[in-house]
Amino acid sequence: MIHYKELGLVNSRELFKKAMQGKYAIPAFNFNNMEQLQAIITACVETKSPVILQVSKGARQYANQTMLQYMAKGAVELSKEMGCAVPIVLHLDHGDSFELAKSCIETGFSSVMIDGSHLPYEENILLTKKVVEYAHQFDVTVEAELGVLAGIEDEISSEHTHYTKPEEVEDFVKRTNVDSLAISIGTSHGAFKFKTKAGELPPPLRFDILEEVERRIPGFAIVLHGASSVPQNIVAEINKYGGKLENTCGVSEEQLRKAAKSAVCKVNIDSDGRLAMTAAIRKVFIEKPSEFDPRKYLGPARDALTELYKHKILNVLGSNNRA
Ligand code: G3H
Ligand code: 13P
Ligand code: ZN
């Protein structure tokens, strides 16, 4: 067992308290490899933002749990070396079992999500409570979910949105003692979020549900998943350089700005990073077909990611100068 404090990490409790008071949201960026991690840390150091490093079950399998432990420690050391020791959380994204959450806690995670949103309500409560009781012994914070987002995450997909029922949140939070709650108000996973026709605007987020949740559990940290905006200039760049992404659509950044000023303390962004990285790599492959040094295409991808993350922090979440 390695405790996250030995790696220099923090849990999310204090960060959420400050985000709630300061009316901003903490970025939760997913990563799978070194370049993504370097870009996240560079963007957070340059903007002085706290950060949640997210690892999905698939990402943990891809990167290897031992490797991840040292990468997280490396991220802490890198931020110090760059001159600003930003608070860093290592978080399990969409944990699907008690065993996975326990294993992450034992290998240095400071925060875990247990996603029982696909289960019947009482089963979601039982599973969440079990994880919370284990995690809190080690001062690890836990995120749960009520309501189901449309889209795909890991192997689980849902065709339709099932909005969070505000009448359930009070009971759920009280009975599970969970630290934060992901809710479903119309965001969705992936790069194809809404089936809108050309020229049509995507449906607005259900701020009425968010407000009712805030009224029922005042001061409680809310999480938004599926918050990528799928920038159309980046999608156009991918397609210009041989990609084929059609009918992509994301959540408007104006709506996310509004959400970040509410009880939403954590905003999850993965797909936008994937798109930025892909566009930069495709550009090099097309413009310089004789290039075969990975640094020559992963380097520009890392730069593009850093710019994207800085933009999210400065213009969408408002977490700059909060480290
Ligand atoms: O919500 C899911 C995240 O985007 C992680 O995706 O399971 O493909 O790593 P992944
Ligand atoms: P996006 O697919 O919108 O980036 O959502 C990521 C997410 O919710 C990770 O848990
Ligand atoms: Zn998610």
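All ligand and atom numbering here is 1-based and tracks the order in the structure. All values derive from a computational prediction rather than experimental measurement. Throughout, numbering of the chain's residues begins at 1 and tracks the sequence.
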Do Asn11 side-chain atoms and Asp139 backbone N/O form a donor-acceptor pair below 3.5 Å? yes

Would you say Glu77 and Glu81 make side-chain contact, with heavy atoms under 4.5 Å? no

Heavy-atom pair of closest approach, residues Asp179 and His136: OD2-NE2, 2.7 Å

Near His94 (heavy-atom distance under 4.0 Å), the atoms of ligand 2 are 10 (O)

Over 12 non-hydrogen atoms of neighbours within 6.0 angstrom of OH in Tyr70: no

Check this for me: Met82, atom CE, are more than 12 non-hydrogen atoms of other residues, nucleotides or ligands nearer than 6.0 Å? yes

Which ligand 2 atoms, with their elements, are less than 4.0 angstrom from a heavy-atom of Asn30? 9 (C)

Val267 side chain reached by Lys312 side chain, heavy atoms, under 4.5 Å: no

Among Ala28, Gly226, Gly190, Ser56, which one puts a heavy atom closest to atom 5 (O) of ligand 2? Gly226

Would you indicate whether Asn247, at its atom CG, is surrounded by more than 12 heavy atoms from other residues, nucleotides or ligands within a distance under 6.0 Å? no

The answer for which part of Arg274 has a heavy atom under 4.0 Å from ligand 1 is side chain

Quick check: Asp272 and ligand 2, any N/O pair under 3.5 Å apart? no

Within the 4.0 Å heavy-atom shell around Ser56, which atoms of ligand 1 are there? 5 (C), 7 (O), 9 (O), 10 (P)

Heavy atom under 4.0 Å from ligand 1: found in His94's side chain, backbone, both, or neither? side chain

Taking transitive links into account, so neighbours of neighbours count too, which hydrophobic residues share a cluster with Ile52 at under 4.5 Å side-chain distance? Val10, Leu15, Phe16, Tyr24, Ile26, Val89

The Zn ion (ligand 3) is nearest to which N, O or S atom of His225? ND1

Where's the contact between Asn30 and ligand 1, heavy-atom distance under 4.0 Å: side chain, backbone, both or neither? side chain

Parallel, tilted or perpendicular: ring planes of His3 versus Phe138, cut at 30 and 60 degrees: tilted

Consider ligand 2: state whether an atom of it lies below 4.0 angstrom from any non-hydrogen atom of Lys193. yes

Which atoms of ligand 2 are found less than 4.0 Å from any heavy atom of Ser271? 1 (P), 2 (O), 4 (O)

Which of the atoms in ligand 1, numbered in the order shown and given with their element, are less than 4.0 Å from a heavy-atom of Asp270? 3 (C), 4 (O), 5 (C), 6 (O)

Give the numbers and elements of all ligand 2 atoms closer than 4.0 Å to a heavy atom of Ile269. 4 (O)

Per-atom filter on ligand 2: closer than 4.0 angstrom to a heavy atom of His225 are 8 (O), 10 (O)

Contact atoms of ligand 2, heavy-atom distance to Ser188 under 4.0 Å: 3 (O)

Ring pair (Phe, Tyr, Trp, His ring centres under 6.0 Å) against Tyr297, all qualifying residues, sequence neighbours excluded: Phe285

Considering distance alone, does some N or O of Asn32 sit under 3.5 Å from an N or O of ligand 1? no

